[in-house]
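Written below as structure tokens is the structure these notes are about.
Values in this document were obtained by computation on a predicted structure and should not be read as measured data. Below, chains carry the letters A, B, ... as their sequence lines are ordered, and counting in each starts from 1.
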Amino acid sequence: MSEIPKAYEPQAVEDKWYAFWEKEGCFTANPASPKSTYAIVIPPPNVTGMLHMGHVLNNTIQDILARKARMDGKEVLWLPGTDHAGIATQAVVEKTLRKEGKMRHRDDLGREKFLEHVWAWKEKHGGIIIQQLKKLGCSCDWSRLRFTMDPEYSRCVQRVFVELYKKGLIYRGKRMVNWDPAARTALSDEEVEMVETKGHLWHLKYPRLDAAGQPIPDQFVVVATTRPETMLGDEAVAVNPKDERYTKLVGTKVRLPLQDKPIPIIADEFVDPQFGTGCVKVTPAHDPNDYAMGTRHQLPFTVVIGPDGKMTPEAGDRFAGLDRTEARKAVVEHLEKLGLLLKVEDYVHNVGHSQRSGVPIEPRLSEQWFLRYPAVAQARACVLQDGGTGLSSGTGDSPVKAGNLPSELADKLPAGTGQWPVPPSNMRFHPQRWAKVYDHWLTNIQDWCISRQLWWGHRIPVWYNQPGLALLNQKNVVVVELDEAPIPHTTVREAREAAWEFLEARGWLNKAFRNLDTGYDFLVTQSGLKHAFSHAGVENVIAATVLPDLIRTAIFVGETWHEPRIPEIKRVLQLFAALRFEGALVAVKITVKEYQDGSRVYDHEAEKIKASDGQSLGRRSADGVLRDQPTSDAGVPLRQLIPDVNREGAFTRVQENQPGKGWEQDPDVLDTWFSSWLWPFATMGWPEHTDTLKKFYPTTDLVTGPDIIFFWVARMIMAGYEFMGDLPFRNVYFTGIIRDKQGRKMSKSLGNSPDPLELIAKYGADALRFGTMRSAPLGQDVLFDEKDVELGRNFCNKLWNACRFRQMQGGEVQAEIVPALLTSDDKWILLKLSQAIEEITAAFADYKFNEATATLYRFFWSEYCDWYVEASKAILSGNSQSEPAQSGGVDHPQPDGLAPATPEARKANTLAVIDFVLSHTLRLFHPFLPHITEELWHGMGYTDDMPEDQGGKTILFAPWPKPFDADEKAHYGLDDATLTFVNAKYDLISQGRNLRRAGNLPGNKKVRYALKPTVELSPLDLEVIKLLLHAETLEVNAAFPGGKGTPTCRTALGDLFLPLEGLVDVAAETARLSKELEKIEAEIAKVETKLNNPNFNQKAPAKVLAEHQQRLAEWQSKRDHARNALALLQG
RNA sequence: GCGCGCUUAGCUCAGCGGUAGAGCAUCAGUAUCACACACUGGGGGUCGCAGGUUCAAAUCCUGCAGCGCGCACCA
């Protein structure tokens, strides 16, 4: 490091070292390494995204963890990559193409052309954020860079879909989903944000009709609604059956205004009589609750709002084509004209909005693919809810252990699989409180709508074909439900046990067999089946299976199956699942087509079975999937209720690769999160058992924001268990949200989001990292201010200059510290260094990076630079021996036992201490400030005596510092007495400087001090004091008389005087002393009160008592001194 | 409605049972030979409010208020 610039210039340094690290392959993980493992996968940023402050926070933390792990001697994999971000990316590209006039709607281009544009966009913008991460200094293994749309990754997604489909966890169905009319796609529940909205409650009057269908004059039913435009699709008015005001009306009709059609008044428990008028308009096709009522009451589903948010022809000529917001106004206007608008109230309510496009969500009945979440029990059990040993340690009574199963069942398990999967280890969230949020979500999850009506993404690996192909065999199948089956269970395991007990108790259990995919299937006896079928009037029952986690029974009739046919049974159950949620009890005719290649295709026709007792045979499942789905009465042909379940008449084929001719793929793509939930293992080569996977899975830490705890974290955990049989990571660090100084979220529209790259250009990446980490406490939001980066820059500059100071002293790196030559200041800084190492290492263990930076800041700036470096100048400037302090006759033995030595030897020893401290400090700083520490590590020559792989080539692999152990402390003579003495010395200096200031003497003026010591001070100590006081002379005189014009203070090492020879402003000095005295007396009073309390004396620990007594003595001594000085001043 | 978090100096936060701390800002002084991206010194807080436990409470408990977040939701 020659010709060191005065100020640190980060730009060239940072690029130089980043290139060096990359070239040397420093970030590349080696699966064959014998070292223990540290792994972390990046939360993949949007492939076309740009680096923002959130990325800076998140990736800085990951880089710090990765770099620290390397220094700890771990084999580190930080696996980077990007996400295709379906909706976001497609929206951006669509917008651009529209702007460029290349299309108005994507349909203009067609799927293939459009996707070409997206890929082109990806090629152009996809690498930007990676380059930006490099600018930040991220030590990712770029050789393993992955993208969620890579061919290998896409195959993982397909494979997972097929697997889950085969297990019956993925199904297709028509349901009310969250529809985004702007993006024109379905969304999952997690993508809907409830926004408090100021709206209105419109009270509408629906004219009552008499039995003949004629309006009864002046008789109305009043309904209240927040969405008047939906009234065009009303099919009923509902009241509570117990509401006596309206019981008479149930069964009569009203006339739906504007549509001019009669609709019934129905009774439904759902209606809260207390709310509003107690009458609810029912719009089955446009509201989830109304949909449920519509199903219960067999109402038509009249669709008046289309997928684009515009009114359909069904809404009537006046409204068709209007946007839903315009339609609202128009409907209200018309109703007002007709005198049917009773009143309008202001009303604040929560409205679901699309997180993506921001528009209000439109509940819409449509056919989608759903996933019933796998491995929920494991996912719940593995996350520790408290700081201790947690819910299930995996060694104790785990709730998913085989021991809880009936023993007969356990006996039937195949050898070697005697247990249900047990979480092999636990996971911690940091901060812990997120575990509760996570658990709450997992206990309440509904099935995940995974299909999206987009083009950019993983296309659903499902193909359809028209019927008419060769049919090899055919079976007629009827599906019913064991109506009495008790199902008050919340977990799959409990449900299985319950099913077992239920069947066993009745003697209906024929056989249970292990199903590798789903756990257990049960075969039911003839009598059990007959009983079940007596409801439906079906005879000739042959065999049945119960899949208890679905809690329903499939019964096959018409043909005897001697052996259970697992695929068939499963398939039927899947079909049943798809149909069952509609609330209908159905007979299903299953057609099975077997092709020459051995594959089978199933299709079905379904129709409702009339229940023998006329009651609903539907029942609600207790475990989620069908919970809120309605049951319905018998009688309505299913086809009318569900127009095209599973694409009526089509065959379905679900597989990874495209089948032969004649098959057409499902047009929809999968939710982006359906690919990202595989990230921790799909990036490592799964499903192959790659070396990388074996070495680095499960990963160690995950760093991400709590806003995607459900979207991503929870789902990754489930996928980890489901496909790897183990959790994906052991710790999750949740960052805060980056906000601006005023606490507002950073956003483009507010313009309060600084560009990290500009900050890096201006201050350096290290400065940005340090500033960000310093202001980011664990789990708290970060109020970011450019000042923080400035502080980081200043800090780097300080570090730079401290090293520059060392360089200017010249000489080689001094490796040998001679204990006998250590000064008290040397020992002090070595102790402080050791303490800092302890604190920083502990902070790392708790993921408290801001504490680590605070400690580094304090240690390096306040302790090393401000005190140690300044004190060391007493030796380094070389005059400590030749020019001893003015002594007042005190002869100086060496109180700190300094051995005799030449000035050169002393100097060398001080440099050795400096080199020791700096080489340790650089390592402590390296995870936070990778570039500057590497530059200085080389520049200072600290690489020289290090082995190549432990810091000799790069600081990256230098060992993490350790604090001194007891032996080392003894070796160097580092004890508490030294610490106390040096602290007292520095306190004396501080007080002395205060005197100077009180005397109004500028800092640059050399002044004379006098010290009346109470302890023996070495010449070196006196030299240090003199130097740091910026004193011209320091007179040491045990009998110093003081005097009228002599400001003075009392310290632990003696009284210090500033003889001003009459220059002092008596009035000012009197004021200063009086004020100080006042303060001292207040302190004394405080301590005395405590000490005078007999309870305190009796009950407080002796140590505390002694502390208080000592403190009192100190204050009293100071008081005496101040009183004396005051008296002198006045006398 | 349920749950979680926060409330300490002008600002951002640390402290989580025994003398109220840091950084920034502010005021005063300083071009001294590592650093003015610096150095020196000062001022500034009844630790949200009210109870309780304790010899002792910013720190533990209870209640309340304000702010923020998450979940749920009846038109």
Side-chain angles (χ1 to χ4, degrees), chain A residues 4 6-8 194 201-202 223-227 230 237-238 270-283 287 289-290 347 349-350 352 431 433-434 436-437 440-441 444 706-707 709-710 737 739 741-743 763 767 774-777 779-785 787-788 790-809 848 850-851 854 857-858 861-862 865-866 869-870 873 877 990 993-998 1000-1006 1028 1030 1083 1086-1087 1090 1093-1101 1103-1105 1107-1108 1111-1112 1114-1115:
Chain A
I4 318 159
K6 209 169 168 182
Y8 173 55
M194 296 309 252
L201 202 53
W202 283 272
V223 294
T225 181
T226 54
R227 301 194 57 196
T230 63
V237 170
F270 167 77
V271 180
D272 176 4
Q274 306 303 319
F275 189 91
T277 59
C279 299
V280 184
K281 62 189 275 303
V282 182
T283 321
D287 180 276
N289 293 314
D290 292 5
Y347 190 68
H349 61 144
N350 291 319
R433 65 189 144 89
W434 291 109
K436 200 166 181 174
V437 176
H440 181 251
W441 183 76
N444 293 296
D707 49 331
I709 185 169
F710 311 138
I737 296 165
R739 298 170 181 280
K741 231 165 90 181
Q742 283 96 45
Y763 300 103
R774 203 177 157 281
S775 56
Q780 303 275 26
D781 287 355
V782 183
L783 272 64
F784 180 83
D785 187 1
K787 285 266 179 209
D788 295 328
E790 203 180 306
L791 180 132
R793 191 253 335 241
N794 295 353
F795 192 84
C796 290
N797 191 55
K798 190 76 177 176
L799 184 62
W800 181 260
N801 273 292
C803 289
R804 188 164 162 253
F805 171 76
R806 164 65 187 90
Q807 285 296 87
M808 291 169 83
Q809 303 310 315
K848 292 180 174 170
N850 71 316
E851 277 183 19
Y857 193 99
R858 183 206 71 217
W861 201 307
S862 308
C865 290
D866 287 351
V869 170
E870 294 307 320
K873 287 175 182 172
S877 56
S990 288
R993 287 165 172 172
N994 190 341
L995 284 187
R996 168 201 286 273
R997 166 70 201 143
N1000 215 8
L1001 297 162
N1004 62 340
K1005 193 173 177 194
K1006 288 263 181 183
L1028 298 199
H1030 207 68
E1083 291 298 335
K1086 241 164 54 179
V1087 185
K1090 264 191 154 177
N1093 182 345
N1095 280 326
F1096 179 74
N1097 277 289
Q1098 273 168 19
K1099 299 190 179 174
K1103 193 182 154 207
V1104 175
L1105 203 62
E1107 268 171 24
H1108 279 73
R1111 200 186 306 152
L1112 180 65
E1114 279 168 19
W1115 284 120

Atom pairs and distances, side-chain donor-acceptor, residues 272-281 of chain A, under 3.5 Å, sequence neighbours left out:
unit_1, atom_1, unit_2, atom_2, d
A/Asp272, OD1, A/Gln274, N, 2.9
A/Thr277, OG1, A/Val222, O, 2.6
A/Thr277, OG1, A/Cys279, N, 3.3
A/Lys281, NZ, A/Thr230, OG1, 2.6
A/Lys281, NZ, A/Asp234, OD1, 3.1
A/Lys281, NZ, A/Thr283, OG1, 3.0

Practice problem: Just call it for A/Asn289: base, sugar-phosphate, or nothing, with non-hydrogen atoms closer than 4.0 Å on any strand. | Solution: sugar-phosphate

Quiz item: Just the endpoints, please: which first and last nucleotides of RNA chain B, 5' to 3', lie under 4.0 Å from a heavy atom of chain A?
Solution: B/G3 to B/A75

Quiz item: What interatomic distance, in whole Å, is found between C1' of B/C27 and the corresponding atom of B/G43?
Solution: 7 Å

Quiz item: Taking for each residue the nucleotide of RNA chain B with the nearest heavy atom, is it A/His349 or A/Trp1115 whose nucleotide lies nearer the 5' end?
Solution: A/Trp1115

Practice problem: Between A/Thr277 and A/Val1104, name the one whose nearest nucleotide on RNA chain B is closer to the 5' end. | Solution: A/Val1104

Practice problem: Classify the angle between the aromatic ring planes of A/Tyr347 and A/His349 as parallel (below 30°), tilted (30 to 60°) or perpendicular (above 60°). | Solution: tilted

Quiz item: Hey, does A/Arg993 reach any base, or is it just sugar-phosphate, or nothing, if we go heavy atoms under 4.0 Å?
Solution: sugar-phosphate

Quiz item: Does one side chain, of A/Arg997 or A/Asn994, offer a donor that lies under 3.5 Å from an acceptor on the other?
Solution: no

Quiz item: Taking atom P in both B/G45 and B/A9, what distance in whole Å separates the two?
Solution: 10 Å

Quiz item: Between CG of A/Leu799 and CG of A/Asn794, what distance do you get to the nearest 0.5 Å?
Solution: 12.5 Å

Quiz item: Heavy atoms under 4.0 Å, any strand shown: does A/Pro431 hit a base, just sugar-phosphate, or nothing?
Solution: nothing

Self-check item: P-based separation of B/G5 from B/G41 [nearest Å]
Solution: 41 Å

Practice problem: Keeping the roles fixed (side chain from A/Arg804, backbone from A/Ala7), state whether a donor-acceptor pair exists under 3.5 Å. | Solution: no

Exercise. Would you mind classifying the nucleic acid contact of A/Glu870 as base, sugar-phosphate or nothing, using non-hydrogen atoms under 4.0 angstrom?
Key: base

Quiz prompt | A/Asn801 (side chain) donor-acceptor with A/Lys6 (main chain) under 3.5 angstrom | solution = yes

Quiz item: Base, sugar-phosphate, or nothing: which does A/Cys865 touch, judged by heavy atoms less than 4.0 Å apart?
Solution: base

Quiz prompt | B/C16 to B/C2 separation - C1' atoms, rounded to the nearest Å | solution = 28 Å

Quiz prompt | Flag, side chain of A/Asn797 to backbone of A/Tyr8, donor-acceptor distance under 3.5 Å | solution = yes

Quiz item: Expressed in whole Å, how much space separates the C1' atoms belonging to B/U53 and B/U8?
Solution: 22 Å

Quiz item: If you look at every strand shown and take non-hydrogen atoms under 4.0 Å, does A/Asn1093 touch a base, only sugar-phosphate, or nothing?
Solution: sugar-phosphate

Exercise. Describe the nucleic acid contact of A/Ile737 in one word from base, sugar-phosphate, nothing, applying a heavy-atom distance below 4.0 Å.
Key: nothing

Quiz item: With a non-hydrogen cut-off below 4.0 angstrom, is A/Ala802 in contact with a base, only sugar-phosphate, or nothing?
Solution: base

Exercise. For A/Asp866, answer base if it contacts any base atom (sugar-phosphate contacts may also be present), sugar-phosphate if it contacts only those atoms, and nothing otherwise; contact means non-hydrogen atoms under 4.0 Å.
Key: sugar-phosphate

Quiz prompt | Sugar-phosphate, base or nothing in reach of A/Tyr347, heavy atoms under 4.0 Å | solution = sugar-phosphate

Practice problem: Please state the P separation for the pair B/G17 and B/G29 - nearest whole angstrom. | Solution: 44 Å

Quiz item: Atom CZ of A/Arg793 and atom CG of A/Asp788: how far apart are they, to the nearest 0.5 Å?
Solution: 13.0 Å

Self-check item: Distance (rounded to the nearest 0.5 Å) between A/His1108 NE2 and A/Lys1103 NZ
Solution: 12.0 Å

Quiz prompt | Point-to-point distance, once rounded to the nearest 0.5 Å, from SG of A/Cys803 to NZ of A/Lys798 | solution = 12.0 Å

Quiz item: For atom P, what is the distance between B/C61 and B/C6, given to the nearest Å?
Solution: 12 Å

Practice problem: Give RNA chain B the dot-bracket treatment, 5' to 3': Watson-Crick (N1-N3 with N6-O4 or O6-N4) or G-U (N1-O2, O6-N3) under 3.5 Å, [ ] crossing, | other strand. | Solution: ((((((((.[[[[.)..(..]]]].(((((.......))))).....[[[[[..)....]]]]])))))))....

Quiz item: When we call it a touch if two heavy atoms are under 4.0 Å apart, what does A/Trp202 touch: a base, just sugar-phosphate, or nothing?
Solution: nothing

Quiz item: Looking at CD of A/Glu1114 and CD of A/Glu1083, how far apart are the two atoms once the value is rounded to the nearest 0.5 Å?
Solution: 11.5 Å

Quiz item: Considering only the P atoms, how many Å lie between B/G68 and B/C60, rounded to the nearest integer?
Solution: 24 Å

Exercise. Assign A/Lys436 to base, sugar-phosphate, or nothing according to its heavy-atom contacts below 4.0 angstrom with the strands shown.
Key: sugar-phosphate

Practice problem: Assign A/Val869 to base, sugar-phosphate, or nothing according to its heavy-atom contacts below 4.0 angstrom with the strands shown. | Solution: base

Practice problem: Report which part of the nucleic acid A/Asp272 touches: base, sugar-phosphate, or nothing (heavy-atom distance under 4.0 Å, all strands). | Solution: base

